[in-house]
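Read the structure below first, then the notes.
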Amino acid sequence: MVPRNYPGQQRARKQMHWSTETIFRVLEAHEPDHPLLEEAYRQATQIFLDAEEANVFLDRVQHFDWQLRELPVVSPFSFPIYASKIKETMMLEDPTVAVERIYRELYARVRQIATANDNRTTATVR
Amino acid sequence: MKKQQALAARLHPRLRNWFFANFPGFTHAQELCLPSVLKRESILLTSPTGSGKTLAGFLGVFDALVRELEAGALKPAVRCVYVSPLRALAYDIEKNLKAPIAGMGLEEELRIHLRTGDTTVSERTKFRNKPSHFLVTTPESLAILLAQQNYVQHLAHTEFVIVDELHSFAGNKRGADLSISLERLQMLRGKNNLCRIGLSATAAPLDLLAQFLVGKNRPCRTAEARIEKEQIVDVFSPIRRDPYPPSGYTGARLYAELAQLIRSRQSVIVFSNVRSAAEQIGLRLREQLPELVDAIEIHHASLDRSVRLDVEDRLKNGELRAVVCSTSLELGIDVGAVDLVVMVATPKGVSRAIQRIGRSGHSLNKNSHGILVATNVNDLVEATVTAKLVRERALDPIEILDKPFDVVAQHIVGTVALAPASADSIYQLITRARPFHDLTREEFDRLLNYLEGGGEALAQQYRGVFGKISVSEDGMVSLAHPRVAREFLVNIGTIVSEGFVDVMLKRRRLGSVEEGFIKGLQIGDLFVLGGRVVRLIDTGVQEAFVERADGQLPTIPRWNAAKMPLTSGVARAVRQLRADLAHQLRQESDAFCVDWLVEQYQISLANAQAMVEQFRAQLAVSDVPTGDSMLIELYRDDDFSHYFFHALIGRSANDALSRIVAWRMKNRSGGNALVTIDDSGFLLTLRQFQELTLEDWRSAKRRTRICAWPCVGQSW
């Protein structure tokens with residue numbers, strides 16, 4: 001709702017950003033129910049964040065069985081998100097190479113643990 | 001056959017003769033749509049692509065116009081408005097409008113005006129002086145026309161509106177904006193009926209989409225054309241013993257197999273979801289298939305329009321063996337002889353998958369064929385359930401965006417730009433559109449107040465400067481100043497542009513990339529655009545100058561392309577598969593579970609084995625997170641504690657959730673957390689002194705409702 005163009009000229013993005021931020025701060029302090037603010041929050045919760053689904057989950061999760069497990073490795077199901085984190089933060093190494101390397105290392109650990117578990121189970125059965 | 005003949009008999013002979021000289025008979029879509037349009041009833045027609053849908057909409061309109069022409073009653077005014085989400089309309093018009101008009105020998109009598117942001121001034125003037133009977137346009141251009149008296153007078157006789165790809169408008173602001181524009185067209189008609197024809201890909205629920213088309217409390221027929229060809233969907237099965245090896249997480253090994261697929265087919269579209277991946281895959285495929293280098297192209301929205309159109313043309317003409325795109329070929333032009341659709345990243349939703357698969361097998365009597373490729377075993381579960389849901393045609397329900405205020409504000413100004421109007425009448429008009437049916441009068445009045453001068457906080461000093469409208473004592477709304485109308489016309493629309501920089505190769509514009517991407521580069525850096533490696537040699541204000549650097553190793557652009565969130569239907573199905581398979585694994589042997597998967601999900605043995613192995617490994621080190629447990633995994637490395645929260649609710653919901661939890665965490669133990677999100681959960685990376693216990697985490701989520709947005713907004 002903040003105009004970008006005037007006939008014959010376009011405003012720079014930076015300038016727009018600055019004006020938008022000022023308006024946001026002024027309104028938040030003085031008129032928290034202003035339509036501009038309400039629309040901004042609506043967009044944040046409906047379009048960019050799925051607040052509805054998150055709320056449903058928050059309601060349900062109270063009745064769930066909660067577990068916090070300390071693991072010696074990143075679990076197979078957790079690896080994809082761990083890989084995204086590596087990609088976003090890796091600076092010195094090519095992220096693709098890094099992901100491949102870490103996946104290999106973790107996978108070997110997971111195999112080790114799985115085999116150890118198997119042996120233990122077999123031992124008890126005997 | 002009788003039905004066909006009876007329907008044909010209702011067409012004007014001139015139209016009938018042209019039609020049967022060119023087609024063997026009506027398609028099912030045409031059979032359903034035509035009777036409604038002949039009776040001037042609004043109709044929502046859904047059908048898979050390639051079933052003569054657009055012509056189905058136009059046939060009844062032609063009949064009306066030919067009859068008027070014969071009776072000498074055809075007014076020199078717009079009679080039919082055709083709205084499409086795409087600017088690249090030229091091809092559709094050629095096929096669906098110009099061909100029939102020329103075929104009936106009516107080029108002189110029936111005129112077409114194509115109006116988009118690219119229409120030249122002389123074309124506009126021509127239309128203003130001598131209106132055409134068909135107006136072919138986009139929602140943005142329609143809104144601009146509706147705010148100018150010289151054009152509005154031409155639109156007052158519009159009897160038919162055709163909205164193509166209606167499903168693509170339902171959930172966004174463009175659609176909300178269009179829904180009010182349609183009401184304004186109706187208002188111009190006065191008491192006369194506006195016949196609205198919505199053409200949509202297969203969608204659900206139909207009633208809601210119909211309401212979106214016609215507005216509150218108006219009748220609308222809904223019709224579903226049957227699938228004229230079968231859709232075949234498979235999950236790709238790598239031909240090797242260890243299909244998802246630990247050395248192949250990122251899927252680089254897949255290129256050879258993809259290349260093989262391309263070799264074996266006539267023409268393939270590869271969907272990759274994001275632009276950077278499309279570039280990456282395109283480049284690798286060209287390396288794998290040196291003999292087909294010129295027959296493999298890239299297509300995405302950052303490429304220059306002329307480049308894209310060229311690719312589309314060559315694809316349509318059967319000159320290309322493969323096109324790798326982000327999502328850009330989901331809608332629009334008939335893509336011709338494509339016989340296979342490959343989805344390298346999962347499409348994240350069932351409707352999207354069906355739409356993509358429907359892009360293949362366009363030529364007569366050919367089935368559509370889609371293959372879902374999982375790059376690693378984690379993706380395999382999602383691909384597997386998506387394929388199953390596609391077979392069951394379990395469409396993702398469409399959602400309609402709820403009353404965006406900026407669209408209301410635009411239409412208030414747009415309406416009074418023509419002539420002063422009463423606040424009551426504007427409110428009534430806007431709330432007839434489905435997205436705004438629950439806009440309260442109080443909300444509307446606050447918007448009026450804002451438009452008058454910026455609201456209470458800003459009103460006093462700024463009314464003169466910022467006021468767009470003024471409201472008189474008796475509730476009449478008018479423009480505050482004539483200049484407002486001019487400013488309005490250049491700011492109309494709801495698409496927020498990201499700030500792009502043109503990439504120039506000598507004098508030729510190759511395409512564009514995000515400002516932020518170029519800022520992060522240094523002169524001499526190599527990146528890929530349009531499947532070619534280029535070197536940055538200079539930057540200008542709005543341009544980046546490059547030279548070709550074929551055969552060199554690039555730094556692939558990492559575009560900040562918004563990732564699509566998983567739909568709730570697919571998320572639910574993944575939760576189900578996880579729970580079922582975990583349950584089976586606790587009781588049965590691996591061999592039994594593999595058979596069970598193959599039977600339940602129709603996947604290959606190799607895929608089923610890979611999945612079972614993955615679940616076994618997960619159970620060995622942790623637990624399988626399902627829909628009724630909250631699993632948090634903690635893994636410590638040298639410096640950090642990583643908390644993995646498993647919540648399979650889609651990335652946008654996890655985005656919301658992770659912000660709350662991180663904010664609470666910050667309040668409790670101080671310091672910032674690094675948050676990473678995806679569709680199946682989120683990761684908080686903390687310093688070790690920030691660690692929390694299970695009870696802490698539980699309470700971080702307890703009694704939290706996401707309504708206290710201001711505090712979240714401030715903390716981030």
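Note that these values count all heavy atoms, side chains included, but never hydrogens, waters or copies made by symmetry. Proteins get letters first, then strands, A, B, ... in listed order; numbering begins at 1 in each.
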> Among Leu106(A), Leu37(A), Val73(A), Leu71(A), which has the most heavy-atom pairs under 4.5 Å with chain B?
Replying inline: Leu71(A)
> Which pairs count as salt bridge (charged side-chain N to carboxylate O under 4.0 Å, His left out) when at least one residue sits in residues 615-624 of chain B, sequence neighbours excluded?
Replying inline: Arg586(B)-Asp623(B), Asp590(B)-Arg616(B)
Best-contacting candidate, [options], against chain A by heavy atom pairs under 4.5 angstrom:
options: Ser680(B), Ser629(B), Pro625(B); result: Ser629(B)
options: Glu443(B), Arg636(B), Arg446(B); result: Arg446(B)
options: Gly650(B), Ala620(B), Gly681(B), Ser641(B); result: Ala620(B)

>> Could you check whether any side-chain N or O of Asn376(B) sits under 3.5 Å from a backbone N or O of Pro80(A), counting only pairs where one atom can act as donor and the other as acceptor?
In response: no
> Hey, what's the ring geometry for His642(B) with Tyr635(B), parallel, tilted or perpendicular (30° and 60° as the breaks)?
Replying inline: parallel
> Should the pair Phe682(B) and Phe645(B) be assigned to parallel (<30°), tilted (30 to 60°) or perpendicular (>60°) ring geometry?
Replying inline: parallel
> Who pairs with Phe644(B) by ring-ring contact (aromatic ring centres under 6.0 Å, His included), at least two apart in sequence or on another chain?
Replying inline: none
> Does the side chain of Arg111(A) pick up a donor-acceptor pair with the side chain of Tyr107(A) at under 3.5 Å?
Replying inline: yes
> Which answer fits Thr685(B), side chain, backbone, both or neither, if we ask what part of it has an atom under 4.5 Å from a heavy atom of chain A?
Replying inline: side chain
>> Taking side chain as everything from C-beta outward and backbone as N, CA, C, O, which of these in Asp379(B) sits under 4.5 Å from a heavy atom of chain A? Side chain, backbone, both or neither.
In response: neither
>> Given heavy-atom pairs under 4.5 angstrom as the criterion, report whether the side chain, backbone, both or neither of Arg60(A) touches chain B.
In response: side chain
